[in-house]
2 protein chains.
Amino acid sequence: MDKKALFNKWVSFTTSVHQVTHELTQNVKSDSITPVQYNILEYITVSQPVTPSDISNCQHISMPNTSRELKKLSEKNLIEKVTDTEDRRKQYIRLSKDGKIMMDEALAFVEFRFLNRIQNASKEDLEDIDRALDVLQTKLFY
Amino acid sequence: MDKKALFNKWVSFTTSVHQVTHELTQNVKSDSITPVQYNILEYITVSQPVTPSDISNCQHISMPNTSRELKKLSEKNLIEKVTDTEDRRKQYIRLSKDGKIMMDEALAFVEFRFLNRIQNASKEDLEDIDRALDVLQTKLFY
DNA sequence: CCCATTACTTATCATTTGATAACAAAACTA
DNA sequence: TAGTTTTGTTATCAAATGATAAGTAATGGG
């Protein structure tokens, strides 16, 4: 197996993933939040409950800036903070009711476009895709 | 095949791809250029020669902003512009010698990290990965 | 109890990025 | 050739983002 060729394939693959992701997610976010805020909400949606430190680490945003953006999201009533009862320095962040509604709508929109994209795939294609996602998830993008 | 489940798998997959891509590419770019400028150079590297319009479309940057960033890259001697002889409105953008050196170094660094990541994969694993990349590239991220 | 560490906040500033209006030059079109 | 479209530029402004310094409060280890 030529690892150099595999690298090149990986480069164009990730480029395609980014491009398609952009296509499926463009204009799904409300105008009332910024792109970075949307990313934070998306991360919370998938991983909640999370701490500000988690967000800082995983979204690669400094703690001061994370704190600022969370404050803004809080002021917009999209998230809720709960202090850990064990360690009162820690905060657990969750989507608020409004936040959940906003993200449900956004993800439904993305899902619609996704289903549209695979509408012409045969049963076998879908199974191939499913297997391929598993393979890459476990062996490359772990 | 449950398409809803496939969508969820797709969401976590793309999240992983973005995360791993970030890991492999972090700190590879010179401090003398901004993230957006790096993306433009990367796009030029893969697709050259390209026109400003191509960059604007594919990188989702407005023409005025594309023009501004290209001007900055030009001032840093990282790219060269050549006017089309047939249609003199068009410009073809290429990496300059310096630009090529910069991107070669950056990509070599990314490749090093990539090889590191797959160093423990068996021959069969690599073949699985290779096939999976092909499947997804043709059937999902086309 | 004291000191170091952790988790998070506040304030401030510079830079980057995005958006818009107005323009110029070349090419196409009727 | 006059008007329109395409391709790209310049200028300007506001907003988003990133970086840093300084601070608070809770925890944990001697």
Side-chain angles (χ1 to χ4, degrees), chain A residues 18 22-23 25-44 47-76 78-94 102, chain B residues 18 22 25-44 47-76 78-94:
Chain A
H18 283 84
H22 186 274
E23 273 175 42
T25 57
Q26 74 181 166
N27 304 329
V28 298
K29 80 163 192 45
S30 152
D31 286 343
S32 63
I33 59 174
T34 70
V36 166
Q37 286 167 9
Y38 177 79
N39 289 337
I40 291 174
L41 287 182
E42 204 176 56
Y43 175 66
I44 297 172
S47 313
Q48 64 185 331
V50 295
T51 65
S53 305
D54 292 336
I55 297 171
S56 176
N57 288 328
C58 296
Q59 298 292 302
H60 315 100
I61 307 171
S62 70
M63 272 303 291
N65 292 337
T66 302
S67 186
R68 177 185 59 201
E69 299 307 322
L70 288 177
K71 190 181 176 188
K72 288 180 190 169
L73 288 171
S74 212
E75 285 163 355
K76 291 172 187 166
L78 295 171
I79 61 168
E80 283 160 1
K81 301 182 183 184
V82 179
T83 307
D84 186 332
T85 48
E86 311 256 298
D87 183 342
R88 292 188 338 210
R89 290 170 305 182
K90 285 188 188 166
Q91 305 254 322
Y92 291 115
I93 314 282
R94 288 182 172 286
M102 176 186 277
Chain B
H18 282 84
H22 186 275
T25 56
Q26 74 181 165
N27 304 328
V28 299
K29 81 164 192 43
S30 153
D31 286 343
S32 63
I33 57 173
T34 70
V36 166
Q37 285 166 10
Y38 177 79
N39 290 337
I40 291 174
L41 287 182
E42 206 176 56
Y43 175 67
I44 297 172
S47 313
Q48 64 187 330
V50 295
T51 65
S53 305
D54 293 336
I55 297 171
S56 175
N57 288 327
C58 296
Q59 300 290 302
H60 315 100
I61 307 171
S62 69
M63 272 303 291
N65 292 338
T66 301
S67 184
R68 176 185 61 201
E69 298 309 320
L70 288 177
K71 191 181 176 188
K72 289 180 188 169
L73 288 171
S74 212
E75 284 163 355
K76 291 172 188 168
L78 296 170
I79 61 167
E80 283 160 2
K81 301 182 185 184
V82 179
T83 307
D84 187 333
T85 48
E86 310 258 298
D87 183 342
R88 291 190 340 213
R89 290 170 305 181
K90 285 188 189 167
Q91 305 255 319
Y92 290 114
I93 314 283
R94 289 182 171 283

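For the numbers below, each heavy atom of this structure counts, side chains included, while hydrogens, waters and symmetry mates do not. For clarity, every value in this text was computed on a predicted model and none was experimentally measured. Residue numbering restarts at 1 for every chain, and letters A, B, ... go by the order of the sequence lines.
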Stepwise side chain to side chain contact (heavy atoms under 4.5 Å, CB included) test for A/I61 and A/I40: CA-CA 10 Å; A/I61 307 171; A/I40 291 174; 4.0 Å; yes

Side chain to side chain contact (heavy atoms under 4.5 Å, CB included) between B/V50 and B/Y92, worked out: CA-CA 5 Å; B/V50 295; B/Y92 290 114; over 6 Å; no

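Applying the 4.0 Å criterion to OP1 and OP2 of D/dT7, one finds that B/T51 has every side-chain N and O outside that range.
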Dot-bracket encoding of pairs in DNA chain C, which uses [ ] for pseudoknotted crossings and | for another strand, Watson-Crick or G-U under 3.5 angstrom: ||||||||||||||||||||||||||||||

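For the pair A/D31 CG and D/dA15 C1', the computed distance is 14 Å after rounding to whole Å. Here the C1' atom of nucleotide D/dT17 and the CD1 atom of A/I33 are 15 Å apart, to the nearest Å. Distance, B/M63 CE to D/dA11 C1': 16 Å, rounded to whole Å.
For the side chain to side chain donor-acceptor pair (under 3.5 Å) test, no residue two or more places apart in sequence or in another chain qualifies with B/T85. Take A/E23 and apply the side chain to side chain donor-acceptor pair (under 3.5 Å) test, not counting sequence neighbours, and it matches A/R117. Scored by the side chain to side chain donor-acceptor pair (under 3.5 Å) test, A/S74 finds no partners at all (sequence neighbours excluded). Evaluation of the salt bridge (charged side-chain N to carboxylate O under 4.0 Å, His left out) rule for A/D84 yields no partner, not counting sequence neighbours. Listed by chain and number, the residues in a side chain to side chain contact (heavy atoms under 4.5 Å, CB included) with A/V28 are A/T25, A/Y38, A/A106, A/F109, A/V110, A/R113 (sequence neighbours excluded). Every residue two or more places apart in sequence or in another chain that forms a side chain to side chain donor-acceptor pair (under 3.5 Å) with A/H22 is listed here: B/H60. The side chain to side chain contact (heavy atoms under 4.5 Å, CB included) check on B/R88 picks up B/T83, with sequence neighbours excluded.
Residues A/M102 and A/I33 have side chains in contact (heavy-atom distance under 4.5 Å, counting atoms from C-beta outward).
DNA chain D is contacted by both A/E69 and A/R89; A/E69 maps to the nucleotide lying nearer its 5′ end (nearest heavy atom per residue). Projected onto DNA chain D by closest heavy-atom contact, A/Q37 and B/P52 fall at different nucleotides, the more 5' of which corresponds to B/P52.
Among the atoms of the strands shown, none is found under 4.0 Å from any heavy atom of B/S56. When heavy atoms are screened at a 4.0 angstrom cut-off, B/T66 is found touching no nucleic acid atom at all.
Remark: side-chain polar atoms of B/K76 are paired, donor with acceptor, to backbone N or O of B/S32 under 3.5 angstrom. Formation of a donor-acceptor pair under 3.5 Å by the B/S56 side chain with backbone atoms of B/P52 is not found in this model.
Applying a 4.0 Å cut-off to non-hydrogen atoms, the residues of residues 81-88 of chain A that approach DNA chain D are A/E86, A/D87, A/R88, listed by residue number.
Here the range on DNA chain C touched by chain B, meaning any atom under 4.0 Å from one of its heavy atoms, is C/dT16 to C/dA27.
Residue pairs meeting the salt bridge (Lys or Arg N to Asp or Glu O under 4.0 Å) criterion with at least one partner in residues 51-70 of chain B, sequence neighbours excluded, are B/E69-B/K72.
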Enumerate all atom pairs, one protein N or O and one N or O from nucleotides 19-23 of chain D, separated by less than 3.5 Å.
unit_1 : atom_1 : unit_2 : atom_2 : d
D/dA19 : N7     : A/N65  : OD1    : 3.4
D/dA19 : N7     : A/N65  : ND2    : 3.1
D/dA19 : N6     : A/N65  : OD1    : 3.0

